[in-house]
Participant: 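Take this structure, written in structure tokens, and hold onto it; I'll ask about it next.
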Protein chains: 2
Amino acid sequence: MTERTDRADRSTVERDPEAVSRFVEHFAAQLVEAGVPRMPARVFAALLASDSGTLTSAELGERLRISPAAVSGAVRYLAQVHMVSREREPGSRRERYRVHGDQWYEALTSREAIIKRWEHALREGVDSLGAATPAGRRLAETLAFFEFVDTEVAQMMNRWRTERERLFGSQDDH
Amino acid sequence: MTERTDRADRSTVERDPEAVSRFVEHFAAQLVEAGVPRMPARVFAALLASDSGTLTSAELGERLRISPAAVSGAVRYLAQVHMVSREREPGSRRERYRVHGDQWYEALTSREAIIKRWEHALREGVDSLGAATPAGRRLAETLAFFEFVDTEVAQMMNRWRTERERLFGSQDDH
DNA sequence: CCTTAACTTCACAAATTTGTGAAAGAAGCG
DNA sequence: CGCTTCTTTCACAAATTTGTGAAGTTAAGG
């Protein structure tokens, strides 16, 4: 589809900026539809599509055509939800941002904090509406579901780590 | 219609509108934080906290102090993401909206459509960046993760149905 | 058929969110 | 220590999203 190759056979070569950008924008658009704010989505996609899995602020601004301020904001958001981590580059005052392979989809999947607050709100609801009322029972069941999911997801992620090991070697990036 | 006795000892009674409202607003707030638009979140919470699990458009407007238009918009949204279903009330042209017990958190959890599109975008990415490149490998792994989650979640939901049966009787609402 | 109850659509005002340029803050390096 | 390079913060303009009143649509019930 996009005209790939002719020559180029070492793995690290043949990076067509066109193609990369197309993927970045397309994938970012999907994230946006799922509720991720626009800039964070684009920054994240760009990192995902980079060979090293890390980019500096300058590189991000350049590739996405956005201001340093926008990069800063996006990265702050992504760090907060644990989808990227930031690392100071030893020499220069440059900062690098990294998609941390595993860690990020764990964040996506579990949503720890959010679920916990839902559970809390539901407990309050059961209390104040009364566990014996129909509505109270519905809330209690919903609560039970979330608690169930909590433990199941944790187990699932363990299985994934095994599966991942099986499919790909130990580590890949990082 | 509001004003339902005092005395009260049958399970269906003793609904303190104050307390209900507090729960509705609190839970809705949590949903909003998780990315659900405000009105849909409030409407949904109201349904969840109702004894029958169904409310008419008029009842919703009244309890939440919002216009019919707002109700309409919110319900359209919720129906689209399968968090409520609408049913025509046989006699009158009134419409009822219902939280369908199970169905809704299944929707919340699986997100079928969204995940599928992510997977699609990722496949394209692997193709156009090249499966042999570091970035391509990262995308491939991410893709594998989502595919893994797909099947795992399906199984998890089956287990939940069993568990639910065990905890609560066969059906509760509906 | 006409009336009327119930929901939906539409245009728009208000509120919120986004991204930017400019200025201010850190931190390496001479 | 001061210069320089990078990043963050801030105020604001632009774009988007929200919720409303009002007009439009549909169908029940005379």
Side-chain angles (χ1 to χ4, degrees), chain A residues 21 24-25 28-47 50 52 54-81 83-98, chain B residues 1 21 24-25 28-47 50 52 54-81 83-99:
Chain A
S21 174
V24 167
E25 296 306 330
Q30 303 305 327
L31 291 177
V32 168
E33 276 209 34
V36 182
R38 171 180 289 262
M39 283 296 126
R42 300 217 298 148
V43 165
F44 182 74
L47 283 169
S50 72
S52 63
T54 76
L55 292 172
T56 65
S57 179
E59 290 169 325
L60 283 167
E62 185 179 296
R63 298 190 185 196
L64 299 174
R65 304 299 188 74
I66 57 180
S67 70
V71 175
S72 177
V75 163
R76 172 152 32 104
Y77 175 96
L78 291 170
Q80 216 148 31
V81 298
M83 286 174 69
V84 310
S85 54
R86 27 194 1 159
E87 25 189 87
R88 229 325 135 336
E89 194 163 81
S92 200
R93 49 245 144 262
R94 226 167 221 150
E95 198 140 308
R96 295 188 93 59
Y97 308 112
R98 141 170 288 145
Chain B
M1 214 68 349
S21 175
V24 167
E25 296 306 329
Q30 303 306 328
L31 292 177
V32 168
E33 276 209 34
V36 182
R38 170 181 289 262
M39 284 296 128
R42 299 216 302 148
V43 165
F44 183 74
L47 282 169
S50 71
S52 64
T54 76
L55 291 173
T56 65
S57 180
E59 290 170 325
L60 285 167
E62 185 180 296
R63 298 190 186 193
L64 300 173
R65 304 297 186 77
I66 57 181
S67 70
V71 175
S72 177
V75 164
R76 173 151 31 105
Y77 176 95
L78 291 170
Q80 215 148 32
V81 299
M83 285 174 70
V84 310
S85 54
R86 30 197 354 164
E87 23 189 88
R88 228 328 142 328
E89 195 162 80
S92 202
R93 48 245 147 259
R94 227 166 220 148
E95 199 142 307
R96 291 187 98 56
Y97 307 112
R98 140 169 288 143
V99 271

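In what follows, chains carry the letters A, B, and so on, assigned in the order in which the sequence lines appear, proteins first and then strands, with residues in each chain numbered from 1.
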Participant: Given the rule in the side chain to side chain contact (heavy atoms under 4.5 Å, CB included) test, do Arg42(A) and Ile66(A) qualify, once you have shown the distances and angles that lead to the verdict?
Facilitator: CA-CA 10 Å; Arg42(A) 300 217 298 148; Ile66(A) 57 180; 3.2 Å; yes

Participant: Going by side chain to side chain donor-acceptor pair (under 3.5 Å), name the residues that satisfy it together with Ser57(A), two or more places apart in sequence or in a different chain.
Facilitator: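 Partners of Ser57(A) by the side chain to side chain donor-acceptor pair (under 3.5 Å) criterion come out as none, since no residue qualifies.
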
Participant: Taking side chain to side chain contact (heavy atoms under 4.5 Å, CB included) as the criterion, tell me which of Val84(B), Leu60(B), Val99(B), Leu64(B) meets it with Leu55(B).
Facilitator: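 Of the listed residues Val84(B), Leu60(B), Val99(B), Leu64(B), the side chain to side chain contact (heavy atoms under 4.5 Å, CB included) partner of Leu55(B) is Leu60(B).
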
Participant: Return the minimal non-hydrogen interatomic distance between Phe44(B) and Met83(B), and the atom names on each side.
Facilitator: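 Closest approach of Phe44(B) to Met83(B): CE1-O, 3.5 Å.
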
Participant: Looking at the side chain of Ser72(B), which of dT8(C), dT8(D), dT9(D) is the nearest nucleotide?
Facilitator: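 Closest nucleotide among those given: dT8(C).
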
Participant: Give a yes/no answer on whether the side chain of Ser57(A) brings an N or O atom under 4.0 Å of OP1 or OP2 in dT7(D).
Facilitator: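 So the side-chain polar atoms of Ser57(A) do come within 4.0 Å of the phosphate oxygens OP1 or OP2 of dT7(D), strictly under.
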
Participant: Whole angstrom is fine here: how far is it from CD in Glu95(A) over to P in dT9(D)?
Facilitator: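 To the nearest whole Å, that distance equals 11 Å.
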
Participant: Using the test salt bridge (Lys or Arg N to Asp or Glu O under 4.0 Å), find all partners of Arg93(B) that sit at least two apart in sequence or belong to another chain.
Facilitator: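 Arg93(B) satisfies salt bridge (Lys or Arg N to Asp or Glu O under 4.0 Å) with no residue once adjacent residues are dropped.
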
Participant: How is Tyr97(A) classified with respect to the nucleic acid when contacts are heavy atoms under 4.0 Å: base, sugar-phosphate, or nothing?
Facilitator: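 Result for Tyr97(A) = sugar-phosphate.
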
Participant: Rounded to whole angstrom units, what separation is found between the CD atom of Glu87(B) and the P atom of dC7(C)?
Facilitator: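 It is 13 Å, rounded to the nearest whole Å.
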
Participant: Heavy atoms under 4.0 Å is the rule here; annotate nucleotides 12-26 of chain D 5' to 3' with B where the base is hit, S where only the sugar-phosphate is, and - elsewhere.
Facilitator: -------SBB-----

Participant: Round to the nearest Å and state the distance from Arg86(A) atom CZ to dT7(D) atom C1'.
Facilitator: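 Computing the Arg86(A):CZ to dT7(D):C1' distance gives 9 Å.
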
Participant: Please enumerate all residues that pass salt bridge (Lys or Arg N to Asp or Glu O under 4.0 Å) together with Arg65(B), with sequence neighbours excluded.
Facilitator: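 Once residues adjacent in sequence are excluded, Arg65(B) has no partner under the salt bridge (Lys or Arg N to Asp or Glu O under 4.0 Å) criterion.
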
Participant: Taking all atoms of both residues into account, what is the closest heavy-atom pair of Val36(A) and Tyr77(A), and its distance?
Facilitator: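 Closest approach of Val36(A) to Tyr77(A), heavy atoms only: CG1-CE2, 4.4 Å.
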
Participant: Could you give the CZ-to-P distance, from Arg94(B) to dG29(D), as a whole number of Å?
Facilitator: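 So the CZ-P distance, Arg94(B) to dG29(D), works out to 12 Å.
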
Participant: Partners of Glu87(B) by side chain to side chain donor-acceptor pair (under 3.5 Å), sequence neighbours excluded?
Facilitator: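 Partners of Glu87(B) by the side chain to side chain donor-acceptor pair (under 3.5 Å) criterion, ordered by chain and then number, come out as Arg98(B).
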
Participant: Expressed as a whole number of angstroms, how long is the span from Glu59(B):CD to dA6(C):C1'?
Facilitator: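 Rounded to whole Å, this separation is 13 Å.
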
Participant: State whether a side-chain donor-acceptor pair under 3.5 Å links Thr54(B) with Arg96(B).
Facilitator: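 Side chains of Thr54(B) and Arg96(B): pair found under 3.5 Å.
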
Participant: Grab the N/O contacts between the protein and nucleotides 24-30 of chain C below 3.5 Å, and write none if there aren't any.
Facilitator:
none

